[in-house]
There are 2 protein chains.
Amino acid sequence: MDMEAGTRPATDQEIYQRLWSAIAERQIGPGTRLKEEQLSEIFSASRARIRQVLQNLARDGLITLVPNRGAFVSQPSTEEARDVFFARRTIEERLVEKLCATIDAGGIDRLRNHVEAERRAHSNRDIAAAIRLSGAFHLLIAELAQSQILADLLRDLVSRTSLIMAMYRQKDVLNCGPDEHNAIVDCIVARDAKKALAVMHHHLAHIENQLDLEADRVAARNLEDILGA
Amino acid sequence: MDMEAGTRPATDQEIYQRLWSAIAERQIGPGTRLKEEQLSEIFSASRARIRQVLQNLARDGLITLVPNRGAFVSQPSTEEARDVFFARRTIEERLVEKLCATIDAGGIDRLRNHVEAERRAHSNRDIAAAIRLSGAFHLLIAELAQSQILADLLRDLVSRTSLIMAMYRQKDVLNCGPDEHNAIVDCIVARDAKKALAVMHHHLAHIENQLDLEADRVAARNLEDILGA
DNA sequence: TTTGCGATGATTGTTGACAATCTGTCGTAT
DNA sequence: ATACGACAGATTGTCAACAATCATCGCAAA
């Protein structure tokens, strides 16, 4: 977190965005405790407002509110992780399907430009930007598909996916490159809904399979939670 | 609202549930203003807690928070209404599909019993119960399908559907009876995922088609919003 | 040495009061 | 008679202090 105290009062929206980004982009690790007073100093805001923001973040699943204990960056269980991917497949398969029917030239441009930006970040080894853009690609699809409700939910799911990857990614696996995203765009441009759906399914399954979501790992983690901090 | 002041402090959860039910079950009409102090008296709670609850309800889309004006029961636009049904189809089709693969005897019992309860309420002309049970049926499916994320979202969508029906239902159309629900259960019991999906799609489309979501109606409503209270 | 217990400090939960903002009304000038 | 502007009431937004709760540490007893 590159936030400094003493800056002039930040609006609730800004505080929310700032924390959201910091968690979703893995600048704050899972399990980290967020103290209200600490945050109120950082953002020069009263505790009441911090509290509101925390409540919203909790509803997004990014942090977990423990009564009388405080707020912690969530540590999604493997069940929750699988559920997130199940929900993402459900939503995103439908969105690309719809997008194939409704995309226009402007939308195609935005998709192409975005994938190009991803490619640049990737070749520049700019990991932070790659993570951010990778998530933003999925959000762009949701935006173009014009379903506000599913787009809002997907925003949460994408950020939770970041958390999940921070916890369960196997060390030797890197982020998926922009190639699969490009393949999805190709399907959309070709207006091949069936294939677009299949490629999206494959893409999300691919990400999920890169994770280490085995049961024994769960036990180990839970034990660690019980014993450690 | 059959709430009384003077009762001992209600927990946030209770306040939320109480308001949620009241709106989702159409005891409070769209557009109704909810004053914080009024609510704090009703629930014997401080304004701060009421405020928190209102924020949560706003996030569910049940109420709309206007800065410096207060909270109003939402008046979904026709676009939002269609979006709600689009999201519901997306989610519920997938859930019944999954349920066909994972349902067990206990789950079947619960589904059967629920439909039976719906039938009783319907034949007794207990409209309020019928509305509540009709929504609860869909939530039961989500619960049995064991996707917490989609179940949570669906809960919001079902309540928003109630609001939408309160606004856009054509006068001569009644609530759909429990027959379609029963058909869905039959498909699930038969583990016919493809048919279950189709029947669910038909069911939701049926509800949507009963509504009056034409464009001219939109204009009239928007005009009313601009001119009136 | 280990275990149970009580004091202490830190952190969250709650409240009531105060400030800012908006709506509607009344008075005045044109 | 109408339009503009200031005033009053009501309502929301914000805050800082107080109360309740929890984790930690030290101490004594087995």
Side-chain angles (χ1 to χ4, degrees), chain A residues 1 3 5-19 23 28 31-60 62-75 222-229, chain B residues 1 3 5-19 23 28 31-60 62-75 224-229:
Chain A
M1 285 198 287
M3 310 158 181
T7 61
R8 283 310 149 227
T11 156
D12 293 19
Q13 189 74 15
E14 285 170 353
I15 299 175
Y16 177 87
Q17 275 295 339
R18 203 82 172 267
L19 279 174
I23 297 173
I28 317 179
T32 305
R33 181 172 187 178
L34 302 173
K35 297 179 196 173
E36 296 182 352
E37 192 168 354
Q38 171 189 2
L39 294 175
S40 78
E41 286 175 9
I42 289 174
F43 294 108
S44 314
S46 70
R47 260 185 58 219
R49 297 173 60 190
I50 295 293
R51 182 171 267 267
Q52 260 187 9
V53 172
L54 290 181
Q55 194 117 1
N56 287 338
L57 288 170
R59 185 158 264 265
D60 294 340
L62 279 186
I63 68 175
T64 302
L65 252 38
V66 183
N68 292 321
R69 286 291 325 276
F72 301 82
V73 177
S74 292
Q75 296 179 302
N222 285 347
L223 194 61
E224 183 185 339
D225 290 347
I226 294 169
L227 300 177
Chain B
M1 286 197 286
M3 310 158 184
T7 61
R8 283 308 147 232
T11 153
D12 293 19
Q13 190 75 14
E14 286 170 352
I15 299 174
Y16 176 87
Q17 275 295 339
R18 205 79 173 269
L19 279 173
I23 297 174
I28 316 178
T32 305
R33 181 172 188 177
L34 302 173
K35 298 179 196 174
E36 295 181 354
E37 192 168 354
Q38 172 189 1
L39 294 175
S40 79
E41 286 175 10
I42 290 175
F43 293 108
S44 315
S46 69
R47 261 185 58 220
R49 296 174 61 191
I50 296 293
R51 181 171 268 268
Q52 262 187 7
V53 172
L54 290 181
Q55 195 117 6
N56 287 339
L57 287 170
R59 185 159 268 264
D60 295 340
L62 278 185
I63 67 176
T64 303
L65 251 39
V66 183
N68 291 320
R69 285 295 320 279
F72 301 83
V73 177
S74 292
Q75 295 179 300
E224 183 184 341
D225 290 347
I226 294 170
L227 300 177

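So that the names make sense, note that chain A is the first sequence line, chain B the second, and so on, each numbered from 1.
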Undergrad: Can you name the nearest heavy-atom pair linking A:Ser40 to A:Ser46, along with the distance?
TA: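 Where A:Ser40 meets A:Ser46 most closely, the heavy atoms are CB-C, 4.2 Å.
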Undergrad: How many Å lie between CD1 on A:Ile15 and C1' on D:dT14, as a whole number?
TA: 12 Å
Undergrad: Between D:dA23 atom C1' and A:Phe72 atom CZ, what is the distance in whole Å?
TA: 11 Å
Undergrad: Taking only the side-chain nitrogens and oxygens of B:Arg47, find out if one of them lies under 4.0 Å from OP1 or OP2 of C:dG16.
TA: no
Undergrad: Do A:Arg49 and A:Val53 come within less than 4.5 Å of each other through their side chains, counting heavy atoms only?
TA: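 A:Arg49 does not reach A:Val53 side chain to side chain.
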Undergrad: Find every protein N or O atom lying less than 3.5 Å from an N or O atom of nucleotides 7-11 of chain C, and list the pairs.
TA:
from   : atom 1 : to      : atom 2 : distance (Å)
C:dT11 : OP1    : A:Lys35 : NZ     : 2.9

Undergrad: Starting at atom CG of B:Asp12, determine the distance to atom C1' of C:dT15, rounded to an integer number of angstrom.
TA: 13 Å
Undergrad: Applying side-chain hydrogen bond (donor to acceptor under 3.5 Å, both in side chains), can you list everything that pairs with B:Arg69, at least two apart in sequence or on another chain?
TA: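 With sequence neighbours excluded, B:Arg69 shows a side-chain hydrogen bond (donor to acceptor under 3.5 Å, both in side chains) to no residue whatsoever.
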Undergrad: Have a look at B:Arg47 and tell me which of B:Glu41, B:Glu36, B:Gln52 forms a side-chain contact (heavy atoms from CB on, under 4.5 Å) with it.
TA: B:Glu36
Undergrad: Between atom CZ in B:Arg51 and atom P in C:dG13, what is the gap in whole Å?
TA: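 To the nearest whole Å, that distance equals 18 Å.
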Undergrad: Just the rounded figure in Å: distance from P of D:dG13 to CZ of A:Arg49.
TA: 12 Å
Undergrad: Looking at B:Leu65 and B:Gln55, what are the two nearest heavy atoms and their distance?
TA: CD2-CA, 4.2 Å
Undergrad: Pick the nucleotide of DNA chain D nearest each of A:Pro67 and A:Ser46; which residue has the one closer to the 5' end?
TA: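 The answer here is A:Ser46.
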Undergrad: I need the CD1-P distance between A:Ile50 and C:dG13, as an integer number of Å.
TA: 14 Å
Undergrad: Using whole Å, report how far CD of B:Glu41 lies from P of C:dG16.
TA: 12 Å
Undergrad: Tell me, yes or no, whether the heavy-atom count around A:Gln17 atom CD, taken from other residues, nucleotides or ligands under 6.0 Å, exceeds 12.
TA: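 Yes, because the 6.0 Å sphere around CD of A:Gln17 holds more than 12 heavy atoms from other groups.
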